[in-house]
Amino acid sequence: MTPSQISSLFLALALIVLLSHLCGRLARRVGQPAVIGEVLLGVLLGPTLLHGFSQTLFPTDVRPFLAALANLGVALFMFGVGAELDSALLRGRRVIAGAVSSGSIALPFALGAGLAYYLMREHPTENQLGFVLFMGAAMSVTAFPVLARILTDRGMIRTWLGSLALACAAIDDVLAWTLLAVVVAISGAAAGGQWLLLLFVPYLIAMVYIIRPALRRLLRQRPGSDPARTTSLVVVLVGLLASGAFTEWIGLHFIFGAFLFGTVMPRDALRLPDRQFGVTEQIGHLNGTLLLPIFFIVTGLKVDLSGFDRTALVELLLILAVAIGGKFVGAYVAARLSGLRNRPATALATLMNTRGLTELIILTVGLQLGVLDVPLYSSMVVMALVTTAMAGPLLQLIYPLRAGHPEAEVAEVQDTEPEVAEVQGAEPEVAEVQGAEVQGAEPEVAEVQDAEVRQPR
């Protein structure tokens with residue numbers, strides 16, 4: 001790098017941190033997740049409105065370095081998502097969570113795949129199968145971290161409905177990343193690297209049966225000591241970067257390696273018993289303050305709505321209809337068939353429409369693979385923003401905050417589903433029905449509440 005590039009990069013980073021912080025706070029003040037303000041900032045600075053100005057702020061020769069830092073932020077975020085997935089969330093909710101997740105994935109995926117055939121007329125692609133599968137996967141996403149933040153802000157993270165929504169979102173996340181992995185694999189096979197993809201199976205086996213036990217033994221030391229904390233941080237960083245590098249090399253995206261490494265990390269190694277900041281908190285604070293804002297800016301700078309015409313407007317409306325309608329109807333019908341009454345089923349379907357950063361990562365992968373062109377990518381980013389922004393206000397209409405006591409909602413939800421046997425008496429963790437606080441039987445919900453510190457978006 002030349003001295004001029006270093007100077008421009010440092011100034012760009014300082015500007016991104018400052019403006020992203022201000023826009024994130026502004027979004028929070030109006031009841032929206034910080035990601036809304038940060039991505040809108042990138043869109044406003046991009047070619048849609050301020051093309052010449054954005055070139056001055058973020059020169060062309062500096063943008064590759066910003067993109068590299070953005071990729072690092074995404075890798076760290078995906079590790080955090082994998083580390084926060086907890087099978088204990090499904091305890092006592094497997095049947096209903098599985099049903100709702102299946103409905104909220106199947107219908108939008110089918111509608112998205114059907115819409116892809118219509119969109120191919122204006123956005124031709126060589127890999128038609130990859131495009132069809134990608135559109136289905138992109139319509140099926142639910143953002144676990146953003147949903148957790150919305151529930152935390154409303155005091156619903158410890159309620160039965162909040163716990164169920166988190167369990168459904170966790171399943172959705174796994175299914176969505178699996179679908180995206182298939183799309184990436186198909187694209188890699190089309191590029192001639194299909195033999196390397198065969199290495200994924202032994203890699204997966206090694207991660208589960210070799211790396212995971214090794215991590216448990218390696219990190220089994222004094223958890224509160226500074227050396228142990230430093231060792232854990234080094235192991236996490238080395239592991240997620242090496243895992244991401246391997247999956248990128250074999251033809252899958254690096255996000256899958258980082259995500260999988262997060263899922264095999266022993267959960268007790270990520271937290272400290274004295275409630276001090278653990279490994280994921282240390283990573284999450286730096287990532288949320290510097291690296292993820294860079295990703296949001298880079299994402300927004302690629303959005304170009306300057307050529308938006310009537311055809312693009314029709315496409316956007318169809319995308320919104322499929323994304324919102326497919327997700328809502330699929331989740332709502334599945335929830336009703338599982339025994340929920342209208343109000344909690346409506347709230348759950350609304351929450352499942354939250355897409356946030358997870359959707360933006362998937363869209364970025366699609367753009368990098370060449371599955372999406374810039375106009376369609378721009379419309380899909382708008383869809384991600386709209387579906388994320390509408391979740392909070394709609395939930396407020398369905399379940400208005402009652403002087404800070406959303407626990408009253410839990411009793412209604414519990415009373416409406418006697419036919420769901422696993423909710424009624426099988427699990428002691430639904431202790432909040434009898435009071436306000438979650439008892440010791442449900443530590444995993446409290447852990448998810450802490451996740452908003454590590455994954456604030």
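Listed here is the closest heavy atom pair of Leu111 and Gly326: CD1-CA, 3.7 Å. Gly112 approaches Met139 most closely through the heavy-atom pair CA-CG, 3.8 Å. Looking at every heavy atom in both residues, Gly73 comes nearest to Leu291 through CA-CB, 3.5 Å. The two residues Ser243 and Ala258 come nearest to each other via the heavy atoms OG-N, 4.3 Å. In terms of heavy atoms, Leu305 sits closest to Ser378 at CD2-CB, 3.6 Å. Among all heavy-atom pairs drawn from Ala138 and Met383, the shortest one is O-CE, 4.4 Å.
Put simply, the side chain of Phe254 does not reach to within 4.5 Å of the side chain of Leu241, judged on heavy atoms. Residues Phe77 and Val74 are not in side-chain contact: their nearest non-hydrogen atoms beyond the backbone lie 4.5 Å or more apart. Side chains of Leu13 and Ile294 form a contact here, defined as non-hydrogen atoms less than 4.5 Å apart. At least one side-chain heavy atom of Met1 sits less than 4.5 Å from a side-chain heavy atom of Leu9. Looking at Phe10 and Ile6, their side chains come closer than 4.5 Å, going by heavy atoms from C-beta outward. Between Pro108 and Ser140, some side-chain heavy-atom pair lies under the 4.5 Å cut-off. Side chains of His21 and Glu38 form no contact here, defined as non-hydrogen atoms less than 4.5 Å apart. At a threshold of 4.5 Å between non-hydrogen side-chain atoms, the residues Val298 and Phe58 do not count as touching.
A donor-acceptor contact closer than 3.5 angstrom links the side chains of Glu315 and His123. A donor and an acceptor atom, one from each side chain of Tyr377 and Asp304, are nowhere located under 3.5 Å apart.
For the atom pair OG1 of Thr364 and NE2 of His253, the computed distance is 8.0 Å after rounding to the nearest 0.5 Å. Separating the CZ atom in Phe296 from the CD1 atom in Ile36 is a distance of 9.5 Å, to the nearest 0.5 Å. The structure places SG of Cys168 at 9.5 Å from CG of Leu147, a figure rounded to the nearest 0.5 Å. If you take CG on Leu26 and CG on Leu41, they are separated by 10.5 Å, rounding to the nearest 0.5 Å. Atoms OG1 and CG, on Thr346 and Leu394 in that order, are 10.5 Å from each other to the nearest 0.5 Å. Annotation: the span from Leu161 atom CG to Thr159 atom OG1 amounts to 5.5 Å, rounded to 0.5 Å.
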Q) Given Thr354 and Phe144, is the side-chain contact (heavy atoms from CB on, under 4.5 Å) satisfied, shown in steps? A) CA-CA 8 Å; Thr354 306; Phe144 181 92; over 6 Å; no
Might you work through the side-chain contact (heavy atoms from CB on, under 4.5 Å) test for Phe134 and Leu369, ending with a clear yes or no? CA-CA 11 Å; Phe134 178 86; Leu369 292 174; 5.8 Å; no
Verdict with supporting geometry, Tyr203 and Thr247, side-chain contact (heavy atoms from CB on, under 4.5 Å): CA-CA 9 Å; Tyr203 160 77; Thr247 53; 3.8 Å; yes
(message) Between Ile297 and Leu66, does the side-chain contact (heavy atoms from CB on, under 4.5 Å) criterion hold? Intermediate values first, please.
(response) CA-CA 9 Å; Ile297 294 296; Leu66 293 177; 5.8 Å; no
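At least one donor-acceptor pair closer than 3.5 Å links the side chain of Arg343 to the backbone N or O of Ile398. Using a distance-only test at 3.5 Å, with no hydrogens or angles considered, no donor-acceptor pair links the side chain of Thr125 to the main chain of Gln128. Remark: the backbone N or O of Ala27 is not paired with any side-chain donor or acceptor of Gln32 at under 3.5 angstrom. Between the side chain of Ser20 and the main chain of Val17, no donor-acceptor pair closer than 3.5 Å is present. The backbone N or O of Thr263 sits less than 3.5 Å from a side-chain atom of Arg212, completing a donor-acceptor pair. A distance-only check finds a donor-acceptor pair linking the side chain of Ser102 to the backbone of Gly98 [under 3.5 Å]. Looking only at distances, no side-chain donor or acceptor of Thr358 sits under 3.5 Å from a matching main-chain atom of Ala143. Looking only at distances, no side-chain donor or acceptor of Asn287 sits under 3.5 Å from a matching main-chain atom of Leu76. Using a distance-only test at 3.5 Å, with no hydrogens or angles considered, a donor-acceptor pair links the side chain of Lys327 to the main chain of Ser104. In this structure, the side chain of Glu122 does not engage the main chain of Leu119 through any donor-acceptor pair within 3.5 Å.
Classified by interplanar angle (parallel below 30°, tilted 30° to 60°, perpendicular above 60°), the ring pair Phe259/Trp177 is tilted. Using bins of under 30°, 30° to 60° and over 60° for the plane-to-plane angle, the ring pair Tyr332/Phe328 lands in the parallel bin.
With a 6.0 Å radius and a threshold of 12 heavy atoms from other residues, nucleotides or ligands, Tyr118 has its OH atom above the threshold.
Shown are Val141, Thr299, Thr388, Val365; of these, the side chain to side chain contact (heavy atoms under 4.5 Å, CB included) with Leu360 is made only by Thr299.
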